[in-house]
Amino acid sequence: MENIRWGRRIRAFRRLKRMNQVELAKEMNISVSILGQIEQGKRVPNEVQLKSISSVLDIQLDELKGEIKDVE
């Protein structure tokens, strides 16, 4: 999946959960800068970050990867 698609999906799910970047980054224990880079497609999230995002946003990892439904 392209970097930008990861970022768009993460941003869309974050917004659906009514979270801002500061809240999600804090829950993930990463900087807002790193989360911003991920959402902008400048950085690819690693497997640990993907698991953390799916856990914090209470979604399945497959859903985040786009293997269940699409939110774009």
> Step by step, would you call Glu23 with Glu27 a side-chain contact (heavy atoms from CB on, under 4.5 Å)?
Replying inline: CA-CA 6 Å; Glu23 294 167 328; Glu27 290 290 323; 5.6 Å; no

> Between Lys17 and Leu57, what is the shortest heavy-atom contact and its length?
Replying inline: CE-O, 2.7 Å

> Closest approach of Gly36 and Gln21, non-hydrogen atoms and distance?
Replying inline: CA-NE2, 3.7 Å

>> Return the CD to CZ distance between Gln37 and Arg43, rounded to the nearest 0.5 Å.
In response: 5.0 Å

> If you measure from the Lys or Arg side-chain nitrogens to the Asp or Glu carboxylate oxygens, is any gap between Arg14 and Glu39 under 4.0 Å?
Replying inline: yes

>> Give me the atom names and distance for the closest heavy-atom approach of Ile53 to Ile10.
In response: CD1-CD1, 3.7 Å

>> I'd like to check the side chain to side chain contact (heavy atoms under 4.5 Å, CB included) partners of Asn46; sequence neighbours left out, ordered by chain and number.
In response: Val48, Gln49

>> If you compare all heavy atoms of Leu64 against all heavy atoms of Trp6, which two are closest, and at what distance to 0.1 Å?
In response: O-CZ3, 3.9 Å

> Taking ILVMFWY side chains as joined if any heavy atoms are under 4.5 angstrom apart, and letting links pass through other members, which residues group with Val22?
Replying inline: Val32

> Side chains of Arg11 and Leu24: closer than 4.5 Å at any heavy-atom pair?
Replying inline: no

> Roughly how far, to the nearest 0.5 Å, is OG of Ser54 from CD1 of Ile59?
Replying inline: 6.0 Å

> When rounded to the nearest 0.5 angstrom, what distance separates OG in Ser52 from CG in Asn29?
Replying inline: 8.5 Å

> Under the side chain to side chain contact (heavy atoms under 4.5 Å, CB included) test, which residues partner Ser55, sequence neighbours left out?
Replying inline: none

>> Give me the atom names and distance for the closest heavy-atom approach of Lys65 to Arg9.
In response: C-NE, 4.0 Å

